[in-house]
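Below is one structure, written out as structure tokens; the observations come after it.
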2 protein chains.
Amino acid sequence: MRIVVADCSVDYAGRLSAHLPRAKRVLMLKSDGSVLVHSDGGSYKPLNWMSPPCALTTLELEDEQHDAGIVEAWQVVHAKTGDKLIVSLFEIMSDSSHELGVDPGLIKDGVEAHLQELLADQIELVGDGHQLVRREYMTAIGPVDILARDAAGASVAIEIKRRGGIDGVEQLTRYLELMNRDPALAPVQGVFAAQEIKPQARTLAEDRGIRCLVLDYDAMRGMEDHNTLF
Amino acid sequence: MRIVVADCSVDYAGRLSAHLPRAKRVLMLKSDGSVLVHSDGGSYKPLNWMSPPCALTTLELEDEQHDAGIVEAWQVVHAKTGDKLIVSLFEIMSDSSHELGVDPGLIKDGVEAHLQELLADQIELVGDGHQLVRREYMTAIGPVDILARDAAGASVAIEIKRRGGIDGVEQLTRYLELMNRDPALAPVQGVFAAQEIKPQARTLAEDRGIRCLVLDYDAMRGMEDHNTLF
DNA sequence: TACTTAATCTCGCTC
DNA sequence: GAGCGAGGTTAAGTA
């Protein structure tokens with residue numbers, strides 16, 4: 001990993017064209033050839049970058065570049081797409097390299113799969129007397145998150161999202177359309193469950209007779225812990 | 001901007017929980033308080049991070065942390081959500097600060113908006129005798145990319161995507177459903193235009209009577225240049 | 001390997 | 001400020 005702090009301008013030509021006017025920035029050159037151009041603010045996204053696999057070469061300076069005050073120029077080319085990033089350096093404030101080694105990587109938990117697990121275990125949240133049939137119930141066009149039966153024994157197809165948007169409603173609608181053609185399942189009631197349901201999605205869902213269910217992740221997790229403890 | 005290269009472990013607790021085992025990494029501390037944890041590889045996305053607005057404080061070390069070899073510990077807390085990032089430093093290889101100033105920002109062109117512009121200018125690509133009514137034609141549920149009329153004067157609603165998937169077809173279907181209720185427009189023919197149309201999307205579109213149109217961006221741009229030149 | 005879906009998405013625009 | 005769509009999306013999981 002090489003880190004350069006420099007007054008520079010950057011040009012990108014690939015799926016789009018982009019230009020960064022001259023300013024002081026941090027240039028991160030990773031050992032896989034990738035380059036990140038960061039400013040002192042914004043989010044984790046660099047102003048500009050080149051993803052691996054790619055290769056960096058130092059360009060020969062032409063007279064007019066030299067006259068313009070450029071002291072060094074890099075060309076970073078993507079190995080597959082040919083996308084090109086050109087960094088023109090006017091002044092280098094700092095240039096250092098560090099051997100980091102391979103990173104052991106991130107360990108994370110607490111995502112959408114967990115919501116499905118929790119709701120399967122607490123299926124009564126969908127309605128009194130509901131019973132789980134199975135998770136990831138396969139259909140011809142993909143798996144429905146949860147298939148259940150209500151107190152009367154009627155089928156209930158549940159689509160779970162962390163944030164419920166229109167896409168999720170469309171997805172559930174396609175499943176319902178298909179499942180309602182199966183005499184063994186029909187009629188199938190739809191339930192759209194999410195931690196947060198967007199107004200447009202709720203409107204669309206209710207217009208189609210799909211029930212909306214807002215999930216309280218913390219409460220469900222707390223319930224789970226409680227169940228585990230006793 | 002402060003850049004620290006250190007042997008460290010990182011813990012994040014917020015919308016999810018995540019942990020980074022001890023390893024050498026680059027820590028970028030931006031002046032807005034945000035922190036990025038980068039390894040020597042991967043993409044532009046950091047292994048872990050905290051977005052602004054947030055604040056960094058140096059924690060008092062407890063005896064057991066000291067015994068474990070930790071020489072410094074930071075706590076970065078998000079100002080609104082309360083998300084927390086804790087960095088435990090075991091050894092600091094490098095620690096430097098640089099004044100960068102405010103970045104002038106990225107200038108970009110050549111995205112989807114451009115495709116819409118090009119197709120509006122070259123509306124005859126949709127079919128002989130077609131005429132542009134307007135771009136971004138507003139409906140109650142959002143703007144249709146292009147509204148045109150065919151040679152016979154019938155309405156044509158065009159949805160443009162760079163990559164055409166099922167989502168885009170669903171979107172256009174919703175527009176068509178709404179527009180066909182308007183006597184001044186009905187009947188409205190749908191055209192799904194994209195640089196690349198996925199097979200599933202094409203099947204769904206054609207099943208619904210929506211015409212598919214594959215756009216050749218380079219040819220359209222070339223045509224545009226040609227028009228400008230002569 | 002190709003495709004589908006989620007993301008601590010981010011970013012920009014509109015209402 | 002909230003909502004919605006696009007992204008050089010990126011990244012992870014699955015068929």
Side-chain angles (χ1 to χ4, degrees), chain A residues 10-18 34-37 42-52 54 76 78 80-85 105-106 108-116 136 138 141-143 145 159-168 170-171 194-203, chain B residues 10-18 34-37 42-52 54 76 78 80-85 105-106 108-116 136 138 140-143 145 159-163 165-168 170-171 194 196 198-201:
Chain A
V10 182
D11 288 278
Y12 167 79
R15 272 162 288 188
L16 60 74
S17 297
S34 60
V35 176
L36 281 62
V37 182
S43 67
Y44 66 68
K45 196 178 175 182
L47 292 166
N48 219 326
W49 72 94
M50 184 59 73
S51 314
C54 61
V76 192
H78 195 276
K80 290 184 177 174
T81 63
D83 290 13
K84 200 178 286 186
L85 188 76
L106 187 69
K108 62 164 101 173
D109 55 16
V111 274
E112 177 177 313
H114 200 197
L115 265 182
Q116 192 193 107
E136 303 285 350
M138 275 309 295
I141 54 171
D145 287 339
E159 177 64 34
I160 301 171
K161 293 283 175 209
R162 213 164 60 78
R163 271 176 303 182
I166 282 179
D167 286 1
E170 297 286 15
Q171 193 181 340
Q195 276 188 275
E196 176 204 339
I197 295 178
K198 297 188 179 177
Q200 288 197 351
R202 177 180 289 275
T203 305
Chain B
V10 183
D11 288 278
Y12 169 79
R15 274 160 287 186
L16 61 74
S17 297
S34 59
V35 176
L36 280 62
V37 181
S43 68
Y44 68 66
K45 194 178 178 184
L47 292 165
N48 217 326
W49 72 94
M50 182 61 72
S51 313
C54 62
V76 192
H78 195 275
K80 290 183 175 173
T81 62
D83 289 14
K84 199 178 287 184
L85 187 75
L106 187 69
K108 62 163 104 172
D109 55 14
V111 273
E112 177 178 313
H114 200 198
L115 263 183
Q116 192 191 110
E136 302 286 348
M138 277 307 297
I141 53 170
D145 287 338
E159 177 64 33
I160 302 172
K161 294 283 176 209
R162 214 163 59 78
R163 273 175 302 181
I166 282 180
D167 288 1
E170 298 286 13
Q171 194 181 338
E196 175 203 338
K198 296 186 180 177
Q200 288 196 351

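These numbers were taken from a predicted model, which means no experiment stands behind them. Naming: A, B, ... by sequence-line order, numbering from 1 per chain.
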Between [X] ([atom1]) and [N] ([atom2]), how many Å, whole number?
X: B:Leu47; N: C:dA7; atom1: CG; atom2: C1'; value: 16 Å
X: A:Ile160; N: C:dA6; atom1: CD1; atom2: P; value: 11 Å
X: B:Asp83; N: C:dT8; atom1: CG; atom2: C1'; value: 7 Å
X: B:Leu36; N: C:dT8; atom1: CG; atom2: C1'; value: 13 Å
X: A:Gln171; N: C:dC3; atom1: CD; atom2: C1'; value: 14 Å
X: A:Glu159; N: C:dT5; atom1: CD; atom2: C1'; value: 11 Å
X: A:Gln116; N: C:dA6; atom1: CD; atom2: C1'; value: 14 Å
X: B:Ile166; N: C:dC3; atom1: CD1; atom2: P; value: 13 Å

(Q) Counting the atoms with a prime plus P, OP1 and OP2 as sugar-phosphate, which does B:Met50 contact under 4.0 Å by heavy atoms, base, sugar-phosphate, or nothing? (A) nothing
(Q) Under 4.0 Å, heavy atoms only, any strand: does B:Ser51 hit a base, just the sugar-phosphate, or nothing? (A) sugar-phosphate
Q. If we take the P atom in both D:dA12 and C:dT10, what is their distance in whole Å?
A. 16 Å
With a 4.0 Å cutoff (strictly under), does any side-chain N or O of [X] reach OP1 or OP2 of [N]?
X: A:Lys45; N: C:dC11; result: no
X: B:Lys198; N: C:dC3; result: no
X: A:Ser43; N: C:dC11; result: yes

Q. Do the side chains of B:Leu47 and B:Val10 get nearer than 4.5 Å, heavy atoms only?
A. no
Q) Below 4.5 Å, heavy atoms only, C-beta onward: do A:Asp83 and A:Tyr12 meet side chain to side chain? A) yes
Q: Kindly state whether the pair B:Trp49 / C:dT8 counts as stacked, where counting means centroids closer than 5.5 Å and planes tilted less than 30° apart.
A: yes
Q: Kindly confirm whether the side-chain ring of B:Tyr12 is stacked on the base of C:dT8, judged by centres under 5.5 Å and planes under 30°.
A: yes
Do you know which two heavy atoms are closest between [X] and [Y], and how far apart they sit?
X: B:Cys54; Y: B:His78; answer: CB-CA, 3.8 Å
X: A:Ser34; Y: A:Met50; answer: CB-O, 3.2 Å
X: B:Ala201; Y: B:Ile166; answer: CB-N, 3.8 Å

**Q.** 5'-most by nearest nucleotide on DNA chain D - B:Lys80 or B:Tyr44
**A.** B:Lys80
